Amino acid sequence: MSSVSHSAVETLHHRVLGHLQHLYPEQSADAILAQLMSTMRLDRAVEQPTPHGNLWDQADIIAITYGDSIRSADEKPLQTLHRFFNRHLRGSINGIHILPFFPWSSDDGFSVIDYTSVNEGLGDWRDIKAIARDYNLMADLVINHCSARSRWFENFKARLDPGQDYFVEADAGTDLSRVVRPRTSPLLKAVETLAGQRHVWCTFSHDQVDLNFRNPAVLIEFARIIRQYLDAGVKLFRLDAIAFLWKDPTTSSINLPETHEMVRLLRTLIEHCDKNAIIITETNIPNRENLAYFGNANEAHVIYNFSLPPLLLHALVCGDARHLKTWMMSMPPAQNGTAYLNFLASHDGIGLRPAEGLLSTEEIDRLAGLMQRFGGRISWRALESGENRPYEINIALFDALKGTLACADDGLQLERFICAHTIMLALEGIPAFYIHSLFGTRNDYQRLEHTSQNRSINRHQWDIGRLEAALSDPDGQHREVFERLQTMITIRRGQAAFHPNATQFTMHVGSAIFAFWRQSSNRGQSIFCLHNISDVTQTVPLADINLIELDDWHDLISGERYSNLQDTITLRPYQCVWISNR
């Protein structure tokens, strides 16, 4: 081993030891360290991550999909998905987040039975590796809980290893009133074991039993899982429900210091295995708490911009961007080496907790009521007081934008939908499209009725033949959505000012226009992004935008040139312009 690599290993050991001493002060950190290094093969080779290095640029676009969102009768769904992306999206999408592709018992994959296997109904590890060769692959590390049908939990009940001490237990009489809940179900589940009745902690459902990371053996298990995913080509690790990881019944048990320390530890381990690997934290919580997962550029590389979906939806159905602008002005620029992940729709729905403190209770209730009128459903959470509050809107995004508070169906649904995604593509951060947004998929009431789960309304499964036909129909809504979004993605990928870390400033040109300025890191390109988020035509004097007269300005979307800077721009309802000097 060279002196350089020896030094790198020593430095890594010192860092990991510091994390472990914080997490496990009463145990031998040296012994845990040795196991971690061996399990992740960091005792053989160490990569040197670049501090504050950006592992992304403006060409990076991610698609979010289930492994079986597109199906064919004659092949495994992962093969169908891969084939579809290669045929239709290879030039525009370069990252794929495949939602949990493991054997599972509930929650459409997020109740994992076996982390080390691919669900045989989807395919196998060869299919995962094939996709990873063509795309930047994101996989879920469902780290807070596992299935009550897993081998670990069966061993817990039988008092066998591994598993008998892998889960969080609490006495039935413990005061748990301070614990933050994302659901209305009881927190504790009574379980009969060979040692008698035990009560296990279930943050999300009684089929999803929370893992006990106070036991370092659980950490070692997940180090083994992470190493396997790296070997399969996974580049982006989504830490699912990470905010709830560490439990302390005397606290809220969310966002605890130990949870942040665990994220720092996982990042240290993963990026020293692969310096290009990326950690993404899934923390569907109020905005300020979410931002804390950047740490000091030593926790998540990327965090979800969870406040964007509810705020942008609210702006578009109200025709008023004031709350959206207030939030945007409060958002710190992501320092180099970190980035926001921007999305508008997901497999879950539109979370409302990230809008708390940004929208009033009345505004949230009004928005939830409108979405119900548009065919959506509302999922609830329990407060300490016993009151239930809206937690999440479950609806297909295309249906969510069918109208406004003033008019339920004004014929402007498609324009609103394209406007929403045009805004997302222009914002600071990495854009991520839920696969059904790419097609303008509608609410799936049949699937909702079949599962009785609210989230199923936005988890449609396309037959590939029907999807191909829909995308070939020259008069169809699905084709128009797909082609227009593809056009916007192509434009975005060619602009240096749309780098995820390029400068961004909010502009003020009226409450009906959401406007901001992006500038490339070398200051060579400026793009002034103006989006009419209302159903009324708006005019903006070019003088209000403060364009530099010596530059040649044009709209990247329409191609229109602006030679007279004393003119005005007229924006039709939901029209967008990206005014660039390059």
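Being a predicted model, the structure only gives us computed values, none of them experimental.
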Answer yes if the side chains of [X] and [Y] hold a donor-acceptor pair under 3.5 Å, and no otherwise.
| X | Y | answer |
| --- | --- | --- |
| Tyr229 | Asp140 | no |
| Trp462 | Thr441 | yes |
| Asp161 | Asn155 | no |
| Arg224 | Tyr115 | no |
| Glu75 | Thr80 | yes |
| Ser177 | Asp175 | yes |
| Asp74 | Ser72 | yes |
| Gln335 | Thr338 | no |

Around atom [atom1] of [X], are there more than 12 heavy atoms from other residues, nucleotides or ligands closer than 6.0 Å?
| X | atom1 | value |
| --- | --- | --- |
| Arg41 | CZ | yes |
| Gln27 | CD | yes |
| Glu192 | CD | yes |
| Arg83 | CZ | yes |
| Glu449 | CD | no |

[Y] side chain reached by [X] side chain, heavy atoms, under 4.5 Å:
| X | Y | result |
| --- | --- | --- |
| Leu89 | Ile96 | no |
| Asn119 | Asp68 | no |
| Tyr434 | Leu344 | no |
| Tyr135 | His82 | yes |
| Trp380 | Pro390 | yes |

Is Arg181 close enough and on-axis enough to Phe244, meaning under 6.0 Å and within 45°, for cation-pi?
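No; the conditions do not both hold, so Arg181 does not lie above the ring face of Phe244.
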Less than 6.0 Å separating the ring centroids of [X] and [Y]?
| X | Y | result |
| --- | --- | --- |
| Tyr340 | Phe294 | yes |
| Phe433 | Phe85 | no |
| Tyr166 | Phe156 | no |
| Phe439 | Phe84 | yes |
| His347 | Phe110 | yes |

Rounded distance (nearest 0.5 Å) linking atom [atom1] of [X] with atom [atom2] of [Y]:
| X | Y | atom1 | atom2 | value |
| --- | --- | --- | --- | --- |
| Met424 | Ser437 | CE | OG | 7.5 Å |
| Arg455 | Ser379 | CZ | OG | 6.5 Å |
| Thr65 | Phe101 | OG1 | CZ | 12.5 Å |
| Glu221 | Cys146 | CD | SG | 10.0 Å |
| His301 | Leu341 | NE2 | CG | 14.0 Å |
| Leu122 | Ser117 | CG | OG | 12.0 Å |

If the threshold is 4.0 Å, N to carboxylate O, is there a salt bridge linking [X] and [Y]?
| X | Y | answer |
| --- | --- | --- |
| Arg214 | Glu258 | no |
| Asp171 | Arg198 | no |
| Glu356 | Arg389 | no |
| Lys76 | Asp124 | no |
| Asp210 | Lys247 | yes |

Where is the tightest heavy-atom contact between [X] and [Y], given as atom of each residue plus distance?
| X | Y | value |
| --- | --- | --- |
| Leu55 | Asp60 | O-OD2, 4.4 Å |
| Arg183 | Thr203 | CG-O, 4.1 Å |
| Val180 | Pro182 | O-CD, 4.0 Å |
| Pro249 | Leu176 | CB-CD2, 3.6 Å |
| Arg264 | Pro257 | NH2-O, 4.4 Å |

Test side chain to side chain contact (heavy atoms under 4.5 Å, CB included) on Arg493 and Asp57 and set out the steps.
CA-CA 9 Å; Arg493 297 185 76 201; Asp57 62 25; over 6 Å; no
Could you please spell out the steps behind the side chain to side chain donor-acceptor pair (under 3.5 Å) verdict for Tyr304 and Asn284?
CA-CA 8 Å; Tyr304 282 82; Asn284 191 0; over 6 Å; no
Check whether Lys189 reaches the backbone of His206 with its side chain - one donor and one acceptor, N or O, closer than 3.5 Å.
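The answer is yes, because a donor-acceptor pair under 3.5 Å joins these two groups.
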Under the side chain to side chain contact (heavy atoms under 4.5 Å, CB included) rule, what do Ile285 and Tyr293 come out as? Steps first, then yes or no, please.
CA-CA 11 Å; Ile285 51 180; Tyr293 282 86; 4.1 Å; yes
Name of the residue among Asn394, Thr451, Asp108 meeting side-chain hydrogen bond (donor to acceptor under 3.5 Å, both in side chains) with Ser456:
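Of the listed residues Asn394, Thr451, Asp108, the side-chain hydrogen bond (donor to acceptor under 3.5 Å, both in side chains) partner of Ser456 is Thr451.
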How far apart are the C-alpha atoms of Thr193 and Gln164, what are their side-chain angles, what is the distance that settles it, and do they pass the side chain to side chain contact (heavy atoms under 4.5 Å, CB included) test?
CA-CA 10 Å; Thr193 77; Gln164 66 172 311; over 6 Å; no
Show your reasoning for whether side chain to side chain contact (heavy atoms under 4.5 Å, CB included) applies to Val118 and Asp127.
CA-CA 9 Å; Val118 174; Asp127 300 314; over 6 Å; no
